[in-house]
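These notes concern the structure reproduced below.
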Amino acid sequence: FIRNASINEAGDAFVLPYISKTTKNDDTPSTAIRQQWNPGKEPIRRWGCHRKETPLIYVHIGKSGGGLIRTRFAAAALNYTRGRIGWPKPNLDNHYYPISKNTKGKFCNSKNNNYHVYNSSLYPKTFEGNVPCNASTPIGMAVACPGKIRERCLGCNAVSRNCRTVYVGHNAMGSEIHWLPPKFLQQWWSKNWEHPKSTHSFAIKKALNTLNPSTKRWCFGQAERPGPHDRERKQNILYHKCGLPLASLVDGQFRKYWQQLQKVTDREVSFDLANNNFSPIYASLPVHRVTVLRDPYSWLVSKFFWHGYEKRNIKCDDIKRASRPNSSGWAHYEILRAYILKLCGVDCSIRYENGLTSLDELEAQAESNLRQSFSVVGLLNETDIFYEMVSKRISYVDMALNPHVTGQKHHSLKRRSQKAEIERCRKIYGNKDFQERFKKELPVLATIERLYNVAVEVNRFQQKELQKCNVQ
């Protein structure tokens with residue numbers, strides 16, 4: 001169903017590796033999806049050593065060491081002279097990442113917006129700022145909600161076929177679908193997904209072509225793509241005039257194509273191609289994504305104090321209060337918005353807030369992403385190993401450079417008087433009986449525990465694979 005079906009085990013070609021077992025005709029949807037959750041049912045991707053593809057994107061799961069890790073990516077460039085404080089500002093020096101003999105990459109920090117439903121209840125505010133979007137598929141989001149045309153990141157020009165950038169931010173997995181150059185996206189679609197017998201595939205190709213800034217054909221020729229100086233009022237006008245109708249149109253074209261794949265291909269495909277699992281789209285993008293995950297219970301304690309829930313007369317061990325199925329249930333709220341949806345992909349929050357998906361489907365896509373779409377999955381308690389893995393996987397990043405540049409820790413502990421309560425909560429959250437009672441009351445907690453276990457499985461697999469690589 002695509003031209004490039006797999007990569008060899010040495011990682012000598014960067015092409016789509018997504019091959020799943022087909023489901024039987026008598027399988028129910030829930031059975032078919034759950035088959036993918038069993039460890040080992042879906043293979044873990046082999047990426048190879050010393051890869052040169054760009055961009056490299058760090059997907060930051062909050063309270064998992066992100067402040068330190070983003071700093072280390074900045075300092076992993078040659079000619080870095082910005083010191084410990086200036087790391088977020090790449091214009092302050094002449095740093096570069098040596099992608100090849102004549103090709104240099106640049107660093108970019110939090111320059112790209114986040115895209116969520118209008119007046120999102122899950123994401124009322126974000127660090128990079130919100131732009132309204134109602135598309136519910138990755139291709140719909142790329143066309144209906146494109147990033148602003150500007151010099152968004154050094155090394156990632158809007159009119160280029162390349163995006164030679166190391167990007168760090170607080171954006172969800174797959175957010176690059178909004179800001180990758182149009183020619184980059186068009187070339188990717190043509191090489192991986194275009195099918196000569198599919199009218200829907202051709203329609204998507206035409207839709208992606210409207211993203212070229214020079215054509216002025218975006219939004220049915222009625223408006224230009226968002227620009228660097230567009231304010232909130234202009235963004236809202238474009239959302240209603242362009243974003244909503246484009247989302248409806250392109251989402252529809254993509255969903256018909258997604259289902260059509262089962263009919264036009266001579267390959268057998270799995271149930272997820274007709275369902276809401278778009279992980280193969282993210283896996284096929286020629287980018288590198290890396291992330292670091294933290295044990296869910298330690299993570300929850302950190303989130304509780306970082307967001308100051310104790311100041312709202314809430315106790316960390318009040319399971320009933322934590323598990324309320326809305327924003328007043330702090331654990332439910334944080335797990336969903338900051339863990340599951342971050343790993344699931346940028347389309348997932350919009351589908352969830354519009355009632356178009358289930359928790360089961362979110363977990364299925366997040367797990368597929370961990371297995372197929374991250375070239376390095378690290379663990380917070382093994383951060384040094386994560387740095388070594390990145391240096392072996394990506395040829396142009398040396399995480400051992402400039403070791404004095406460490407950034408600042410984002411401490412949850414803000415007052416000495418909190419120390420005893422934090423230690424009490426850590427002890428409680430480490431108790432197995434408490435964990436079981438909490439999971440029984442809060443299903444999303446069991447979800448992220450399973451996802452964390454998948455991350456550990458992927459990490460161990462990748463460590464073993466990377467043992468064959470030598471740091472250059």
Side-chain angles (χ1 to χ4, degrees), residues 1-4 14-16 18 53-57 59 105 108 111-115 131 133 135-153 155-165 167 169 171-195 198 200-220 224-227 238 242-243 246-247 249-255 257-258 261 278-289 345-347 350 369 372-373:
F1 61 101
I2 51 169
R3 295 179 187 174
N4 300 316
F14 194 101
V15 286
L16 180 63
Y18 194 92
E53 296 81 17
T54 57
L56 168 62
I57 303 160
V59 178
C108 186
K111 283 290 186 181
N112 297 300
N113 296 124
N114 295 293
Y115 292 80
V131 175
C133 179
S136 59
T137 68
I139 301 301
M141 300 190 84
V143 176
C145 314
K148 296 178 181 180
I149 289 295
R150 61 181 179 186
E151 192 64 30
R152 290 165 291 187
C153 286
C156 194
N157 192 299
V159 297
S160 172
R161 293 183 184 273
N162 302 301
C163 186
R164 299 183 178 112
T165 296
Y167 182 79
N171 313 83
M173 185 270 177
S175 64
E176 66 276 5
I177 202 77
H178 297 286
W179 50 262
L180 285 170
K183 291 181 180 179
F184 185 109
L185 291 173
Q186 292 154 14
Q187 182 172 270
W188 156 72
W189 181 263
S190 176
K191 286 185 175 181
N192 289 279
W193 294 102
E194 188 177 326
H195 198 289
S198 170
H200 302 302
S201 169
F202 182 71
I204 293 169
K205 178 181 179 179
K206 288 180 64 178
L208 290 172
N209 286 340
T210 68
L211 293 173
N212 293 331
S214 59
T215 65
K216 297 186 178 180
R217 288 189 290 133
W218 184 73
C219 186
F220 316 104
E224 294 186 17
R225 284 186 53 169
L238 287 176
C242 304
L246 278 172
L249 174 66
V250 181
D251 278 346
Q253 293 169 338
F254 176 76
R255 287 185 182 278
Y257 169 71
W258 204 234
L261 287 178
F278 303 132
S279 178
I281 291 292
Y282 294 120
S284 68
L285 278 164
V287 305
H288 284 282
R289 305 180 193 91
V346 286
D347 61 285
I350 292 177
N369 288 339
Q372 300 289 332
S373 298

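We're numbering straight along the sequence, starting at 1.
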**Q.** Closest approach of Ala207 to Val250 (non-hydrogen atoms, all atoms of both residues)
**A.** CB-CG2, 4.3 Å

**Q.** Nearest atoms (heavy-atom pairs only) where Gly147 meets Tyr115
**A.** CA-OH, 3.2 Å

Q) Taking atom types as modelled, is there a side-chain donor on Ser201 or Trp193 under 3.5 Å from an acceptor on the other? A) no

Q. Between Asp347 and Thr137, does any side-chain donor sit less than 3.5 Å from a side-chain acceptor?
A. no

Rounded to the nearest 0.5 Å, what's the gap from [atom1] on [X] to [atom2] on [Y]? Could you check?
| X | Y | atom1 | atom2 | value |
| --- | --- | --- | --- | --- |
| Arg164 | Asn157 | CZ | CG | 10.5 Å |
| Asn369 | Met173 | CG | CE | 4.0 Å |
| Lys148 | Asn113 | NZ | CG | 5.0 Å |
| Asn112 | Tyr167 | CG | OH | 4.0 Å |
| Arg217 | Leu211 | CZ | CG | 10.0 Å |
| Ile177 | Leu185 | CD1 | CG | 5.5 Å |

(Q) Apply side-chain contact (heavy atoms from CB on, under 4.5 Å) to residues Ile139 and Trp189 and explain how you reach the verdict. (A) CA-CA 10 Å; Ile139 301 301; Trp189 181 263; 3.9 Å; yes

Main-chain N/O of [Y] paired with [X] side-chain donor or acceptor, under 3.5 Å:
| X | Y | value |
| --- | --- | --- |
| Gln186 | Leu208 | yes |
| Arg225 | Pro213 | no |
| Ser190 | Gln187 | no |

Measuring only between side-chain heavy atoms, which start at C-beta, is [X] closer than 4.5 Å to [Y]?
| X | Y | value |
| --- | --- | --- |
| Ile281 | Phe254 | yes |
| Phe220 | Leu246 | yes |
| Cys133 | Ile350 | yes |

(Q) How about Cys163 and Cys153 - are their SG atoms less than 2.5 Å from one another? (A) no

Q | Under 2.5 Å between SG of Cys156 and Cys108 | A | no

Q. Sequence neighbours excluded, which residues qualify as ring-ring contact (aromatic ring centres under 6.0 Å, His included) partners of Tyr282?
A. none

Q: Please test Val287 against Trp188 for side-chain contact (heavy atoms from CB on, under 4.5 Å), starting from the C-alpha separation and ending with a verdict.
A: CA-CA 11 Å; Val287 305; Trp188 156 72; over 6 Å; no

Q.
Parallel, tilted or perpendicular: which one describes the rings of Phe278 and Trp258, with boundaries at 30° and 60°?
A. perpendicular

**Q.** By side-chain contact (heavy atoms from CB on, under 4.5 Å) - contacts of Ser175 (at least two apart)
**A.** Asn171, Trp179, Val346

Q: Report the residues that fulfil salt bridge (Lys or Arg N to Asp or Glu O under 4.0 Å) with Arg289, sequence neighbours left out, ordered by chain and then residue number.
A: Glu176

